[in-house]
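None of the values given here were measured: they were computed from a predicted structure. Lettering follows sequence order; numbering is per chain, from 1.
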Amino acid sequence: MSILVNRDTRVIVAGMTGREGTFHTQQMIDYGTKVVGGLTPGKGGTTHIGVPVFNSAHDAVRETGANAAIVFVPAPFAADSVLELEDAGVPFITLITEGVPTQDMVKVVNKIKARGKTQLLGGNCAGIITPGECKMGIMPGHIFTPGNVGMVSRSGTLTYEIVWELTRAGLGQTTCVGIGGDPVPGTRFVEVLRDFENDPATECVVMVGEIGGSDEEEGAEFIKSMTKPVVSFISGRTAPPGKRMGHAGAIISGTMGTPESKVNALLGAGAALADRTSDVAQLVKIALESRKALVR
Amino acid sequence: MKLHEYQSKDLLARFGVTVPGGDVTSDPAEAKAIADRYNGKVVVKAQVLMGGRGKAGGVKLFNDSSEAAAFTKELIGKRLISIQNPDGMIVEKVLIAEQIDIAEEYYVSVLLDRAAGNLVVMLSSEGGMEIEEVAEKTPEKIIRIPVDPAWGLEAFQVRAAVAESGINKIAQGQMVKMILQLVKAYQETDADLIEINPCALTPEGKLLAADAKVSIDENALFRYPEYASAMEDGADDPIEAEAAKLGIAYVRLGGDIGVIGNGAGLVMCSLDEVNAAGGRPANFLDVGGGAKAERVKTCVELVMKDPNVKGLLINIFGGITRGDEVAKGIMEALEQLKLTIPVVARVEGTAAEEALAILKTSSIVGATTMQEAAGKIVELAYK
């Protein structure tokens, strides 16, 4: 089992014929992801790297029966692309593009939520992977391995760092979800935590947060009600206030978004907190062992 | 991207917000002409994007045009230094604005409520001080008006909120109007913050934006080519300004260990590790995804523009970024800049082995984990 994507996920790639889109589509196909179509207005009817290209999301969904989409469309046009895919009835959309204007995201996220047909992941995220089944994102596939640890993170490379440690420690993953570093994300920690709590195959969850916003605090509120152990890590613990640290959302504004608030909320919720990335694997091992003892 | 006060006021005036009269200049003679329009009764304000501008001596009241002109001459080219900005900033322009008599001071802002994923208006009868201070001491004096994402803000909602806010009855109608104008300005200019503090009520009963802070969403700048140059002017720091030009995510942090990595989360984490090892990071720099040697070289050069840097830490977890490209870039930069400071590189992931083979031929110190790398650079740099 896994959450959100598996071997039956049929993926459309929006912006497939661009440089980034081409590279990552090939990588996804090589990983084993079922890429059923590409989307580039004006190039419908052609084939690109062996994948049929469509002019519109509606055409693509009708012809391929796709049930997911990944978006590489440049930032100025990304919001429109997501809304087109949603209108075509795609139930799960991952937005990889970085730099989408915040007010575009306010509109997209609220509209999608109000219509209630689709879940959006991202933007500015690394995507999602269910190891061995489906990679819908830009992460290097070889560092992941199937197992029973769920992972959710606001950062791409930090996910790779920690996953690599987990994999080398023999701790495989059910699904790894990148929710992205933007201030208004389509999916937040709490929604992914809920999915992992309900996924029978996930035995432990790793949550990687960073400074800015209050998503970690909301996540912590939910962790209180979870039966599965959560190991967390917060990045940017020494970042100065008022400075945007790369991610559009990684900024301490006044008293909002401080690492202390996040750390305290997570500890208060009973999550294990790793001080360093290199401690995560060990804490996951301990959590899994004590859970086994409890279940027994 | 923060706009200067004069730019902020110009922008808000376009949406009908009442602002004090005035103009911006860098020429004392012109300053005198502007001040003459208000019979010399003006305030001269240095246009620098830093906190503590008033305490740094960048704001002064005058009753005489010649004195205002003399102060303008004194300010232009001067470096203002405040607690918030110890490096200081050089004054290039001043705003000469009409002095207004203030009977009462309020606070109003429009910003993103991240938790709700939507806009919110904040209004308080307590203006003229930091809103954080009000939030701490008298949170009941801050009123929040959420903006409906689909339908926007209705006048009746604003009227109800303003009626409860405790601001003077004479000003309430004008405040409703101003809030609706501010929200429109926010949405139509892709702002990420509009703050009027103080929003002043004059003894004659006129409400106006005595000060204004507007910040524009950097991700939306492609819609506003007119701000392209403001982006560079607006950076807090010359290296940050150059990074913005090059499209590199760089933040100056004031320490002496240069830090370069790929991915914002990993770089933030590397900074934490440098701090944990007892070092002081000089900067945050994210090379971005899939960086080639040339880009890495540019990044090293950028970090080395900071004269305080006495050690360099490079931390790469290659996904789409190839380790060997990073290694080549570092080598080229070292050669060209003739760097003599210690450099520690940790390269993991895609093409890491090729990277290590390249780095082995140099004086660069290798490390297998981020923690080890941070420890080593701190040890070598502070030796």
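To the nearest 0.5 angstrom, B:D272 atom CG is 6.0 Å from A:F233 atom CZ. From A:K243, atom NZ reaches atom CG of B:L253 across 7.0 Å, with rounding to the nearest 0.5 Å. Considering CD of A:E161 and CD1 of B:I316, their distance stands at 11.0 Å, rounded to 0.5 Å. Atom CZ of residue A:R244 and atom CG of residue B:D192 lie 6.0 Å apart, to the nearest 0.5 angstrom. Note that CG of B:N219 and OG1 of A:T97 are 11.0 Å apart. Values are rounded to the nearest 0.5 Å.
Both the backbone and the side chain of B:Y186 come within less than 4.5 Å of a heavy atom in chain A. Both the backbone and the side chain of B:A115 come within contact range of chain A, with heavy atoms under 4.5 Å apart. Proximity to chain B (any heavy atom under 4.5 Å) is shown, for A:V106, by both the backbone and the side chain. With a 4.5 angstrom heavy-atom cutoff, B:R252 touches chain A only via backbone atoms. B:L112 touches chain A through its side chain: at least one heavy atom from C-beta onward sits under 4.5 Å away, while N, CA, C and O do not. Only the backbone of A:V100 comes within less than 4.5 Å of a heavy atom in chain B; its side chain stays farther off. The part of A:S214 that comes within reach of chain B is its side chain, from C-beta onward, which places non-hydrogen atoms under 4.5 angstrom from that chain. In this structure, chain B has heavy atoms under 4.5 Å from both the backbone and the side chain of A:M245. Looking at B:A135, neither its backbone nor its side chain comes within 4.5 Å of chain A, counting heavy atoms on both sides. Contacts of B:E136 with chain A are absent, with no heavy-atom separation under 4.5 Å from either backbone or side chain. Within the 4.5 angstrom heavy-atom criterion, only side-chain atoms of A:P240, from C-beta onward, approach chain B. Looking at A:R154, only its side chain comes within 4.5 Å of chain B, counting heavy atoms on both sides.
When each of B:V267, B:D286, B:D190, B:T321 is checked for heavy-atom pairs under 4.5 Å with chain A, B:D190 comes out on top. Taking chain B as the reference chain and counting heavy-atom pairs below 4.5 Å, the highest number among A:G156, A:P259, A:G249, A:A239 is found for A:G249. Among A:S153, A:P185, A:G212, the residue with the largest count of heavy-atom pairs under 4.5 Å with chain B is A:G212. Highest contact tally toward chain A, considering only B:A116, B:P149, B:A249, is held by B:P149 [criterion: heavy-atom pairs under 4.5 Å]. In terms of heavy-atom pairs under 4.5 angstrom with chain B, the leader among A:P140, A:P183, A:G141 is A:P183. Ranking A:I138, A:D104, A:V208, A:V109 against chain B, the residue ahead of the rest is A:D104, based on heavy-atom pairs under 4.5 Å.
Considering all non-hydrogen atoms of both residues, B:G265 and A:L158 come closest at O-CD2, 3.8 Å. Nearest heavy atoms, A:Q103 versus B:D217: N-OD2, 4.5 Å. Of all heavy-atom pairs between A:S235 and B:C269, the closest is OG-N, 3.4 Å. Listed here is the closest heavy atom pair of A:V184 and B:G117: CG1-CA, 4.1 Å. Counting all heavy atoms, side chain and backbone alike, A:I143 lies closest to B:F317 at CD1-CE2, 4.2 Å. What you find for B:M268 and A:G236 is that their closest heavy atoms are SD-CA, 3.8 Å.
Looking only at side-chain heavy atoms (C-beta outward), A:P101 and B:R223 come within less than 4.5 Å of each other. In this structure the side chain of B:L266 never reaches within 4.5 angstrom of the side chain of A:S155, judged on heavy atoms.
Counting non-hydrogen atoms of other residues, nucleotides and ligands closer than 6.0 Å to CD of B:E353 gives a total of 12 or fewer. Shown here is A:F77, whose CZ atom has no more than 12 heavy atoms of other residues, nucleotides or ligands within 6.0 Å.
Annotation: side chain to side chain donor-acceptor pair (under 3.5 Å) contacts of A:R188 (sequence neighbours excluded): A:D215.
Of the charged side-chain nitrogens involved, none lies within less than 4.0 Å of a carboxylate oxygen, so that B:R114 and A:D182 do not count as a salt-bridged pair.
Judged purely by distance below 3.5 Å, without hydrogens or angles, the side chains of A:T157 and B:N262 never pair a donor atom with an acceptor atom.
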Mind running side chain to side chain donor-acceptor pair (under 3.5 Å) on A:T277 and B:E273 for me, showing each step along the way?
CA-CA 10 Å; A:T277 53; B:E273 290 294 347; 5.0 Å; no

